[in-house]
Undergrad: 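Could you have a look at this structure, given as structure tokens, before my questions?
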Amino acid sequence: KADLADYAVVDGCTHPLVKLARKAGKDAALAAYGFTKRKEYDAIFSNGENVSIPLATLFKFVMLRPAHILIGHHLSTPKKRWFLTFLRSQMDLIFVYAETQRQYAVDRLKMLPKKLRLIPFHADALFYHPMDVKMPELKVISSAGLEWRDYPTMMEALKDTPAQVKLAAASPWSKHKNETETRTLPQNVSARRYSYRELRDLYAESSVVVVPLYDNDFQAGVTTLLEAMAMGKPVVITRTIGQRDVILDGVNGIYVPPSDPIALREAVDRLLADEAGATRMGEEARKVIELEMSLDRWVERLADGINEVVQERSASAH
């Protein structure tokens, strides 16, 4: 049996602990809800530190608890360090998306390597897929997202290119500032929020997708990167400290240095000038998604990890 608990469940819960935790926010309330259900399950999986940390804190107050498995998106955030170090005994397996995050957890948080598992992120390869569309006469270069996005460098690089530059500069979860809102955009650049279907259509009409990033130490930009790859598009992405686990440079995408508009422009121009090469790169990108980074493969990896932890705990209990 497996059940899903989301914010809607929390809103309708009348348990006193959940109602109290709601005062600290929905993430704390969701953690409290999971805590109240701890005796009903062999494992609880939490999809981020925002829920995992308060849940692990609550587990500190009980002798018996289920297995606690989580995704560690950005373990190296300074404000999380004390909490993760203090609560590491209440976390049985942490999935991470970047090798830098795995290494940080071992070196700085002193977590056991066996409690950390590096896995690829995912794209919904059924929704995001190559589409046979009529390409616009004026080529489109696109980007999406807000997390650590260096749109100023991208706009500087492409401000005089003979193409439309369309930025889906929005994110449902990022708290980063939208730098396109406070700047005068070049004439060939537009920026707005896109729905999921509009975003898919934007990828479909794009000749190149760019993911410009400020340097950071986790997998910022990976959602846009994998969605574009799933659409069979050639991608130019900033190689950062944390963003280096997906692209095989020159094969299924192109890396460029941070804050380098010249390198970014050269990479985009190369793809626009070599249509056959860009097509091959997009095909290779799609293959990677289908084989290793689809939503189905991601779920399989999570399920395998959860089952392994549950079996290990069961064996040790007997």
Side-chain angles (χ1 to χ4, degrees), residues 25-27 46-53 70-80 94-102 104 118-124 128 141-157 165-183 185 189 191-196 198-200 202-203 206 208-231 233 235-247 253 255-260 264 289 293 295 298:
K26 287 190 174 183
D27 293 332
S46 45
N47 193 30
E49 301 96 303
N50 54 327
V51 175
S52 307
I53 287 175
L70 59 134
I71 292 178
H73 294 274
H74 196 182
L75 302 176
S76 57
T77 302
K79 65 182 179 180
K80 296 176 186 175
I94 304 175
F95 292 102
V96 294
Y97 295 132
E99 171 59 26
T100 51
Q101 292 297 295
R102 191 199 70 80
Y104 176 90
L118 177 65
I119 64 169
F121 196 59
H122 60 85
D124 184 345
Y128 295 104
I141 304 166
S142 66
S143 188
L146 279 184
E147 191 80 357
W148 290 88
R149 292 302 191 275
D150 184 5
Y151 285 131
T153 291
M154 180 176 176
M155 289 189 288
E156 175 64 24
V165 179
K166 298 184 178 182
L167 309 178
S171 171
W173 54 79
S174 176
K175 297 179 181 178
H176 277 249
K177 179 182 178 182
N178 183 353
E179 294 189 272
T180 67
E181 293 180 336
T182 57
R183 293 172 179 265
L185 304 184
V189 176
R192 67 174 178 87
R193 181 180 294 273
Y194 286 68
S195 70
Y196 285 117
E198 287 177 326
L199 180 60
R200 184 176 65 176
L202 175 60
Y203 289 141
S206 298
V208 179
V209 177
V210 177
V211 187
L213 301 169
Y214 292 110
D215 207 359
N216 66 87
D217 64 353
F218 72 114
Q219 280 273 30
V222 71
T223 300
T224 300
L225 171 63
L226 298 187
E227 288 171 353
M229 290 173 67
M231 297 289 296
K233 296 297 175 175
V235 181
V236 176
I237 184 169
T238 310
R239 183 184 177 100
T240 66
I241 295 171
Q243 183 53 265
R244 56 182 62 198
D245 298 316
V246 176
I247 293 297
Y255 278 127
V256 293
S259 304
D260 191 336
L264 195 157
I289 299 299
M293 299 182 188
L295 183 57
W298 180 74

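Predicted model, so just to flag it, every value in this text is computed and none were measured. Note that the numbering runs from 1 along the sequence shown for the chain.
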Undergrad: Report the relative orientation of the aromatic rings in F218 and H74; use parallel for angles under 30°, tilted for 30 to 60°, perpendicular for over 60°.
TA: parallel
Undergrad: Is the backbone N or O of E99 less than 3.5 Å from a side-chain atom of D245, with the two atoms forming a donor-acceptor pair by type?
TA: yes
Undergrad: Could you check whether any side-chain N or O of R102 sits under 3.5 Å from a backbone N or O of A98, counting only pairs where one atom can act as donor and the other as acceptor?
TA: no
Undergrad: Taking side chain as C-beta onward, heavy atoms only, is M155 less than 4.5 Å from V165?
TA: no
Undergrad: Mark yes or no for whether Q101, through its side chain, and L75, through its backbone, hold a donor-acceptor pair below 3.5 Å.
TA: yes
Undergrad: Can you see which heavy atom on M154 is nearest to which on S142, and at what distance?
TA: CE-O, 4.0 Å
Undergrad: Given side chains that start at C-beta, do those of Q219 and L225 come closer than 4.5 Å, heavy atoms only?
TA: no
Undergrad: From D260 CG over to R239 CZ, what is the distance, rounded to the nearest 0.5 angstrom?
TA: 14.5 Å
Undergrad: Any heavy-atom pair between the side chains of H73 and N50 that's under 4.5 Å?
TA: no
Undergrad: Can you name the closest pair of heavy atoms from A169 and N178 and give their distance?
TA: O-ND2, 3.1 Å
Undergrad: I need the minimum non-hydrogen distance between T238 and P212, along with the two atoms involved.
TA: OG1-CA, 3.4 Å
Undergrad: Sub-3.5 Å donor-acceptor pair from the side chain of Q243 to the main-chain atoms of A220, do we have one?
TA: yes
Undergrad: Can you tell me if R149 uses its side chain to pair, donor with acceptor, with the backbone of A144 under 3.5 Å?
TA: yes
Undergrad: Do the side chain of K233 and the main chain of S206 share a donor and acceptor less than 3.5 angstrom apart?
TA: yes
Undergrad: Nearest 0.5 Å please: distance from the CG atom of N47 over to the CD1 atom of I71.
TA: 4.0 Å
Undergrad: Give a yes or no on whether the backbone of D150 and the side-chain of E179 come within a donor-acceptor separation of less than 3.5 Å.
TA: no
Undergrad: For L213 versus G221, what's the shortest heavy-atom pair and its separation?
TA: CD2-CA, 4.1 Å
Undergrad: Just so I know, are the side chains of Y151 and L167 near enough to count as touching, which here means a heavy-atom distance under 4.5 Å?
TA: yes
Undergrad: Keeping S143 on the side-chain end and V210 on the backbone end, is there a donor-acceptor pair under 3.5 Å?
TA: yes
Undergrad: Mind listing the closest non-hydrogen atom pair of I241 and T100 along with its distance?
TA: O-CG2, 3.2 Å
Undergrad: Taking the six-membered ring of Y194 as reference, does the NZ or CZ atom of R192 fall below 6.0 Å from its centre and within a 45° cone about the axis?
TA: yes
Undergrad: So do the side chains of E227 and L199 get within less than 4.5 Å of each other, counting heavy atoms only?
TA: yes
Undergrad: Please determine whether side-chain contact (heavy atoms from CB on, under 4.5 Å) holds for the pair Y128 and R200, giving the CA-CA distance in whole Å, both sets of side-chain angles, and the decisive distance to 0.1 Å.
TA: CA-CA 7 Å; Y128 295 104; R200 184 176 65 176; 4.2 Å; yes
Undergrad: When you compare the side chain of T223 with that of E147, does any pair of heavy atoms fall below 4.5 Å?
TA: no
Undergrad: Which pair of heavy atoms, one from L295 and one from D124, lies closest together, and at what distance?
TA: CB-CA, 4.3 Å
Undergrad: To the closest 0.5 Å, what do you measure between CH2 (W298) and CG (L226)?
TA: 12.5 Å
Undergrad: Just wondering, do Y203 and T224 contact through their side chains at under 4.5 Å, heavy atoms?
TA: yes
Undergrad: Would you say F95 and L70 make side-chain contact, with heavy atoms under 4.5 Å?
TA: no
